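Remarks on the structure that follows.
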Amino acid sequence: MLKVNLPDGNSLEFSSRVRPIDVASEIGAGLAKATLLAEITNPSDGETKLVDADRPLPEDGEISLRLITKRDEEALAVMRHSCAHVMARAVMRLFDGVELAFGPTVDNGFYYDFHLKHSISEADFPKIEAEMAKIIKENEPFEQIDQPREKALELCKELEQKLKIEHIEEGLGDQSTLSFYRQGEFIDLCGGPHIPSPASIGAFKLLSVAGAYWKGDASRPQLQRIYGTAWFNKKDLEDYLTKVEEAKRRDHRVLGKQLDLFLIDPDVGSGLVMWLPKGATIRRELETFIYAELLKRGYQPVYTPTIGRVGLYETSGHFPYYSDSQFPPIEVDKDERYLLRPMNCPHHIKIYQSKPRSYRDLPLRLAELGLVHRFEQSGELSGMTRVRGFTQDDAHIFCTEEQVADEFRGCIEMTQYVLQTLGLSDYRVRLSFRDPHSDKYVGKAEDWNKAEAALEQVCRDLGLPNLEIEVGEAAFYGPKADFVATDCIGREWQLGTVQLDYNLPSENRFALEYVGADNAPHRPVMIHRAPFGSLERFTGMLIEHFAGAFPLWLAPEQVRVLVVSQKFEEYGREVLNRLLQDGIRATGDWRPEKIGAKIRDAQLELTPYMLIVGGREMEQGTVSVRDRIEGDVGAMPVDDAIAKLNDEIKQKTIRQ
RNA sequence: GCCAGCGUAGCUUCAAUCGGCAGAGCACCGCAUUCGUAAUGCGGGGGUUGUGGGUUCGACUCCCACCGCUGGCUCCA
């Protein structure tokens with residue numbers, strides 16, 4: 001006898017063995033038709049898992065069962081995985097000697113990795129998509145088959161699936177029974193679950209083909225990966241494709257060029273950003289903003305060189321550990337080699353060490369927008385977001401153990417404030433802790449435990465939204481908190497970070513000390529923190545977030561004065577001067593163009609405000625204000641317009 | 001670094017039939033126009049088709065190498 005508890009509180013009892021689909025039929029034919037899979041919860045241990053709709057349930061006992069249809073979140077991912085199988089089946093039908101690797105669901109879609117002779121290109125997509133459509137139309141069920149280990153290996157050998165054999169031997173060494181899914185002639189080693197049949201794959205599209213290493217290991221063979229997306233209906237697919245287009249439209253590399261924000265020139269070098277006047281203006285505003293915040297919070301500015309002797313980085317441990325991703329040292333003499341710095345911390349540590357420190361000096365907070373260089377692999381570079389030279393809005397806090405929680409709180413609050421000011425109020429915080437079973441971490445376990453508990457407490461006290469704790473994700477030198485912000489079209493960006501460091505202050509690194517109240521030496525804790533992360537990356541993200549239409553306080557050109565005809569140029573220049581005198585970034589358009597054309601140009605260049613002047617304005621000493629968003633908002637005295645602009649600048653108002 | 005794709009004027013707007021005279025739009029420059037809330041008209045300049053080599057009577061087009069870019073993989077202190 002099996003007792004099945006349903007989400008609505010009712011329960012059903014079955015005397016013979018049933019499957020979720022039978023439970024659904026018991027409730028109603030409509031539900032049975034809509035059921036794609038089921039989530040079962042074992043009431044004794046609370047463990048939940050997703051299972052196929054036709055997977056037999058236990059004969060006896062009690063379980064909770066939730067039938068899953070298209071409307072449930074979990075269904076989409078499972079359907080996409082099934083769609084990956086359909087794609088793999090199509091590829092096997094079309095090409096010879098296909099070896100299957102992995103084919104999981106990813107955000108918004110799925111992929112499948114293949115090993116085959118033919119080099120797949122996007123030109124093959126229509127053919128593959130047509131075959132997939134055919135397979136979906138044939139609508140053969142996905143059948144789950146369990147095989148004992150020996151049989152499973154035999155089956156894979158028969159199917160000539162070498163990678164699957166490798167995976168069974170390497171990755172599934174402890175499994176005595178292996179799960180396969182079969183659909184017609186297609187059989188794949190797969191844990192499932194799957195939807196009952198491909199009928200509910202409403203709309204799909206193959207997106208791109210890429211190389212991918214087998215098991216993500218660069219020393220293993222490279223496979224061909226096809227990415228695709230799938231949705232329950234055509235409209236969802238179209239919405240998704242529109243979103244992708246929208247993201248493309250906002251691409252900071254395109255906007256950066258169109259709006260003259262930054263330049264990357266191969267003659268200077270890949271991944272090295274030059275900030276053009278307009279981009280530099282945005283950066284300057286961000287810097288001014290962040291510096292003001294730093295000073296308010298007790299940080300002190302420092303400036304340090306962008307190179308340092310190799311020995312410094314030997315002490316810090318960065319050299320040669322990261323030598324592959326550093327520019328090679330500059331050799332001045334055989335005993336004198338300099339490294340283009342990949343980190344600012346060693347320089348700041350030297351400042352800390354420049355004189356004896358007392359507990360009364362702590363916390364010491366040293367801040368610098370420090371330029372660092374890292375030799376990222378060529379294939380990694382992308383616009384401003386992945387570069388070889390970047391500016392960290394870096395600061396290092398040297399504090400006592402007792403001060404860690406308060407300092408950490410201060411860093412988190414500052415990061416929150418910064419993100420919120422820029423309209424990035426949708427973010428999650430990822431706390432990364434150590435894996436207690438690993439020995440790769442420096443520092444004492446008790447310190448880690450204390451620090452982790454303190455960090456978590458701070459995050460809970462602050463009521464951080466979407467707090468996640470990831471065990472085993474900490475850096476070897478300390479736990480950290482990363483801010484992952486969601487932009488206005490739903491993409492996530494990893495931005496600010498706050499990291500505790502037990503390593504650099506330690507005995508075998510820089511051996512930092514301070515004199516405590518007990519007149520004995522003590523070891524300080526270091527905190528690294530960067531609310532923006534890097535100015536390059538952050539600005540790149542902001543360009544995309546605002547689609548180039550920056551809020552007034554950041555806009556490189558805040559106001560443009562447009563004259564109705566050249567007859568009013570003198571008055572226009574007078575207005576322009578008053579704006580400039582007030583510190584507003586303004587220009588004038590004196591071309592002999594029609595006013596409509598000037599408005600259009602200013603609008604396309606995303607200028608926040610246009611001040612239009614003609615005969616009427618000149619007579620009355622006013623300007624006609626045109627807002628980039630609202631359009632014509634009418635005439636007002638010049639002083640009123642300036643006051644309005646200054647207010648919006650000061651408030652850092654965001655209007656979209 | 002690896003896999004795949006792509007490089008035509010300042011432009012991520014793009015054309016050039018089978019290998020047969022490199023051509024538009026926008027931008028830019030000049031002249032005329034002096035205009036009231038998203039494009040005034042006319043004219044002009046601009047190219048070693050990424051670079052180098054090869055095949056050919058002839059190469060933007062085909063082949064090879066290199067450089068750069070794009071999408072991924074790997075990496076990310």
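Computed from a prediction, not measured in an experiment: that's the story for all the values here. Chain identifiers are assigned alphabetically (A, B, ...) following the order of the sequence lines, protein sequences preceding nucleic acid strands; residue numbering begins at 1 within each chain.
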Closest to the [X] side chain: [options]?
X: A:Gln222; options: B:G71, B:C2, B:G36; value: B:C2
X: A:Ser382; options: B:A4, B:U34, B:G71; value: B:G71
X: A:Arg626; options: B:G5, B:A77, B:A38; value: B:A38
X: A:Ala597; options: B:U37, B:A39, B:C75; value: B:A39
X: A:Val564; options: B:G36, B:C76, B:U40; value: B:G36
X: A:Gln603; options: B:A38, B:C76, B:C35; value: B:A38
X: A:Ser119; options: B:A4, B:G36, B:G1; value: B:A4
X: A:Pro592; options: B:G36, B:A39, B:U34; value: B:U34

Donor-acceptor pair (no angle test) under 3.5 Å: [X] side chain, [N] base:
X: A:Ser325; N: B:A77; value: yes
X: A:Ser624; N: B:U37; value: yes
X: A:Arg225; N: B:C3; value: no
X: A:Tyr213; N: B:G1; value: yes
X: A:Gln377; N: B:C75; value: no
X: A:Glu617; N: B:G36; value: yes

How far apart are the closest heavy atoms of A:Val613 and A:Thr622, and which atoms are they?
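In this case the closest contact between A:Val613 and A:Thr622 is CG1-O, 4.1 Å.
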
Which part of the nucleic acid, if any, lies within reach of [X] when heavy atoms closer than 4.0 Å are counted: base, sugar-phosphate only, or nothing?
X: A:Gln326; value: base
X: A:Ala210; value: base
X: A:Lys257; value: sugar-phosphate
X: A:Phe568; value: nothing
X: A:Gly216; value: sugar-phosphate
X: A:Gln224; value: nothing
X: A:Gly596; value: sugar-phosphate
X: A:Tyr227; value: sugar-phosphate
X: A:Ser270; value: sugar-phosphate

Taking the nucleotide of RNA chain B with the nearest heavy atom to each, does A:Arg388 or A:Ile612 sit closer to the 5' end?
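So the residue in question is A:Arg388.
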
Select from A:Gly271 and A:Ala212 the residue whose nearest nucleotide in RNA chain B is closer to the 5' end of that strand.
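Upstream on the strand: A:Gly271.
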
What is the distance from CD of A:Gln499 to P of B:C76, rounded to the nearest Å?
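Nearest whole value for this atom pair: 13 Å.
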
Would you kindly give the CD-to-P distance between A:Gln258 and B:C11, to the nearest whole Å?
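One finds 12 Å between P of B:C11 and CD of A:Gln258, rounded.
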
Distance check, P atoms only: B:C62 and B:C3, in whole angstrom units.
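It comes out at 22 Å once rounded to the nearest Å.
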
Could you measure between the two C1' atoms, the one in B:C29 and the one in B:G68, and give it in whole Å?
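That atom pair is separated by 31 Å.
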
For the backbone of [Y] and the side chain of [X], can you confirm whether one donor and one acceptor N or O come within less than 3.5 Å of each other?
X: A:Thr315; Y: A:Phe510; result: no
X: A:Gln499; Y: A:Tyr477; result: no
X: A:His318; Y: A:Pro342; result: no
X: A:Glu452; Y: A:Phe433; result: no

Ring pair (Phe, Tyr, Trp, His ring centres under 6.0 Å) evaluation trace for A:His167 with A:Phe102:
CA-CA 10 Å; A:His167 182 53; A:Phe102 295 137; 4.8 Å; yes

Test A:Asn344 against A:Gln392 for side chain to side chain donor-acceptor pair (under 3.5 Å), laying out the working first.
CA-CA 8 Å; A:Asn344 303 308; A:Gln392 292 179 318; 3.1 Å; yes

Identified side-chain contact (heavy atoms from CB on, under 4.5 Å) partner of A:Ile612 from the options A:Arg560, A:Arg626, A:Lys598:
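That would be A:Arg626.
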
Answer yes or no for A:Arg80 and A:Phe110: cation-pi contact, defined as NZ/CZ to six-membered ring centre under 6.0 Å and angle to ring axis within 45°.
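Negative - A:Arg80 is either too far from the ring of A:Phe110 or too far off its axis.
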
Structure string for RNA chain B in dot-bracket form, Watson-Crick and G-U at under 3.5 Å, | interchain
(((((((..((.((.....[..)))).(((((.......))))).....(((((..]....))))))))))))....

Can A:Tyr321 be called stacked on B:A77 when the rule is centres closer than 5.5 Å and an angle between planes below 30°?
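Here the ring of A:Tyr321 and the base of B:A77 are not stacked, as the 5.5 Å and 30° limits are not both satisfied.
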
